[in-house]
Amino acid sequence: MNYPFWEVPVLGGGWLIGLVAIIHIYIAHFAVGSGFFLVYTEWKALRRDDREVLDYIRYHSYFFVLITLVSGAVTGVGIWFTIGLVHPDATSALIHQFAFVWAIEWVFFLVEIVAALVYYRTWDRLTPRQHLRVGIVYAVASFLSLVAINGILTFMLTPGRWLETGRLWDAYFNPGNLPSLGLRTLVTFSIAGLFALVTAARWRNAETRVRLLRYAAKWLVPAYILLPLFAVWYLLVAPPQALQALQSGVSVTGVGTLAILTRVAMLSIMISATIGIFAYVGPYLNPKNFSFPMALIFLLLGLVVTGATEWSREMLRKPYVLYGYMYSNGLRPGDLERLNRTGVLAEARWATVKAITADNRVEAGRQMFRIQCASCHTVRGYRSMTAVLKGRDLDSLRAFLKTLRDPQGPYVGLMPPLMGTPEEEQALAAYLLTISQEAEGK
Amino acid sequence: MKSTNGLGAWLEERVRWSQLTELGKKKEVPQHGHTLWYYFGGISLYLFLIQLVTGILLLVYYSPTVDGAHSSILDIISKVEFGWLVRSVHVWAANLMVLAVLIHMFSAYFMKAYRRPRELTWLSGMALLGLVMAFGFSGYLLPWDELAYFATQVGLGVMESVPLLGGILASLLRGGPQVGELTLQRFFALHVVVLPLIFMGALGFHLFLIQLHGNAAPPSFYRQPAAQRRTIPFFPNFFYNDLLVWLICLNLLSFLAALYPWQVGPQADPLQPAPAGIHPEWYFMAPFALLKVLPNLGPLSSEHAGILLFSLGGLLWALVPFWDQETADGRRGRLATYAGLLVLVALVGLTVFGYVH
């Protein structure tokens, strides 16, 4: 409530972050996995004195530097911009908690970038041993940057003992940290394999191409053996309420539930399995007929599965942005009683309506909507209010807002409770009525 | 691939399965710029298999009565675990199957795959297309919701106005003066027993012919010197690619079913007036739109004119192997290609028109 609210029409702020973050996560996992891929492949080729594979890995490193340094860095900065604008309260809470971890991550990141550039530029200038060492520096630094950021991400779902102690140590080494690190590390191998398929499919020499394709496909194997184990571990430490949400769509598809979470999680499993089967049937069993467009299709599938999985992970947290500590709209469970007494608008620093009168009621309601609803809902677009409110009159809107306050209501666990004074609630109802009437008008 | 001991040998002695792989290896798939279109036959087949499996699963809970149909669908999508998934996949796959079959048909048409000796392959394909449409028409009524009820009424009405056979056929299907319990039962019997039996017979014949003659390639492929014609073995190479394409289809289906689960409208109430904007499924939209735009032509009512036009066009289309045979100057061939393009544009245009209008 300390920051102005940035409303993203149609798409919604969440998806704006999502679009940038999903691409970033995909590329970042590629960057980490490729550290292992480049170094291991180069080491193996050196031991066998395999000139062709060395040429290939050099070619692959060019492709790798281009993608990770350009798109990875741009989207990485993009995440900071979007989360800062869309979720300033949550971003601020995270920065205050994790300033040191982020400083450490930044150091690793810098080492990573320098090492990547040196690795790419010194194929002819360093001895093979020295060059391999640069690769190892890159691989270690990029893996450690994953280790650093992973703990912050899992903190958001499983803050664990930090809720009582407030210590950085407890915040970082939260229950979700290790299972998630395992999951992500395995995923980095797979994504490195998927990207390697793209460059391998373009290799001129047919015999080497077949060899490279089969080799690249093998990088997906560890994930397909160990991923289920880590996934189970991850779900075991997740909050019970989140697990319930995950199962809410087994038998229903209705709105007003988290059923979509089940469906998207199902897609994630389905597409992951597809990529695994594909890697076996395609480049492994039938490398001769594996073409560049096929590699691109499955690169795209990898992006889709990354998106589906990360989206599900974000949804598991509903209605919180920091589980048990801060709701998706930036308000905190601890604020509830105070704000019901003193009012949300009175405390919100950028709200212009402080005292509600008959004249400014709708405007006050609009500001309530921005503060409490618009983090997840758009007026017309993603999670559209127009679609939800169409046909409702003032009485039904008021009744609906009442259920949002009810500690036993149907929306507990899906949406944050409504906060504010009774007058503010009336104002919100008055504003929602304008949306409902506009929807009727169309 | 002959094993000399163990299960392989045991099976070999009894079912001679090595002959099956031999058969698959014998078939060569031509490689050229239009190879992509070959996959649509396989996609249609795959979607049919999906229909078979999901259809059987739906049978476990569906009840084909006027009182029970709609509520059993509601139970399937809101009580049965993953019932929504099975039903959504069934409906989505049905729509995609019609699309895949249409693409397959047009690609066969433009490749001139119907020419000697493949006339019967083409004709059996046309029969399969008709059966797919019949599957769609009969399946559409089964949820017994408002839109399905009235669209079926309109569809049967159109059928009734076909001279000679139309009236008999429509009343056979309807089972009475009104769309009701008997109609539902008959559509159900058609959809789950009669059509699948005929379909599998026709499909078997179609596939047998394809195995016999191999894939047809466009005329440009045959104009190349024999040494330059590239082919790959159907088994295992093309088959693996087929599997990959099927996997992609499965993903597309899951994607559609998960993000756009098929909903069901309010229960049909024959006593209510038909709601506004009743229209058939998209694959019947083109003839439906044509009936609406055609003026009365002399003694023919617009309805009769439309039916006549579609019947004649369909007949000409089905008989293309007999009027477009290979000639030395290739003029007939070009004519057929232009006619095909015209039909394609007209179908797409009428469909779009039907939705916009």
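Each chain gets a letter, A, B and so on, in the order its sequence line appears, and its residues count up from 1.
For the pair A:V250 and B:W84, the tightest heavy-atom approach, listed with the atom from each and the gap, is O-NE1, 3.0 Å. Summarising the geometry of A:L267 relative to B:A258, their closest heavy-atom pair is CG-CB, 3.8 Å, with the distance given to 0.1 Å.
For OH of B:Y260, the number of neighbouring non-hydrogen atoms (other residues, nucleotides, ligands) closer than 6.0 Å is 12 at most. The environment of CH2 in B:W37 is sparse: at most 12 heavy-atom neighbours from other residues, nucleotides or ligands sit within 6.0 Å. Counted within 6.0 Å of OH on A:Y382, heavy atoms from surrounding residues, nucleotides or ligands total more than 12; the atom is thus considered enclosed. Around atom CZ of B:F239, no more than 12 heavy atoms belonging to other residues, nucleotides or ligands sit under 6.0 Å away. Crowding of A:R202 atom CZ: a count of heavy atoms from other residues, nucleotides or ligands under 6.0 Å not exceeding 12. No more than 12 heavy-atom neighbours from other residues, nucleotides or ligands sit within 6.0 angstrom of OH on A:Y284. Remark: B:Y61 OH is loosely packed, at most 12 non-hydrogen atoms of other residues, nucleotides or ligands lying under 6.0 Å away.
With rounding to the nearest 0.5 Å, the separation of OG in A:S251 from NZ in B:K79 is 10.0 Å. Note that CG of A:N289 is 11.0 Å distant from OH of B:Y240, once rounded to the nearest 0.5 Å. One finds the CG atom of A:L301 at 6.0 Å from the CG atom of B:N251 (value rounded to the nearest 0.5 Å). Rounded to the nearest 0.5 angstrom, A:L300 CG and B:I248 CD1 are separated by 10.0 Å. To the nearest 0.5 angstrom, A:M266 atom CE is 11.0 Å from B:F255 atom CZ.
Contacts between B:L250 and chain A at a heavy-atom distance below 4.5 Å involve backbone atoms as well as side-chain atoms. A:I271 touches chain B through backbone and side chain together, each having a heavy atom under 4.5 Å away. The contact between A:F298 and chain B is made entirely by side chain atoms (from C-beta outward), counting heavy-atom distances below 4.5 Å.
Residues B:L259 and A:I260 form a side-chain contact, since some pair of their non-hydrogen atoms from C-beta on lies under 4.5 Å apart.
Under the side chain to side chain contact (heavy atoms under 4.5 Å, CB included) test applied with A:N286, the options B:L244, B:L243, B:N237 reduce to a single match, B:N237.
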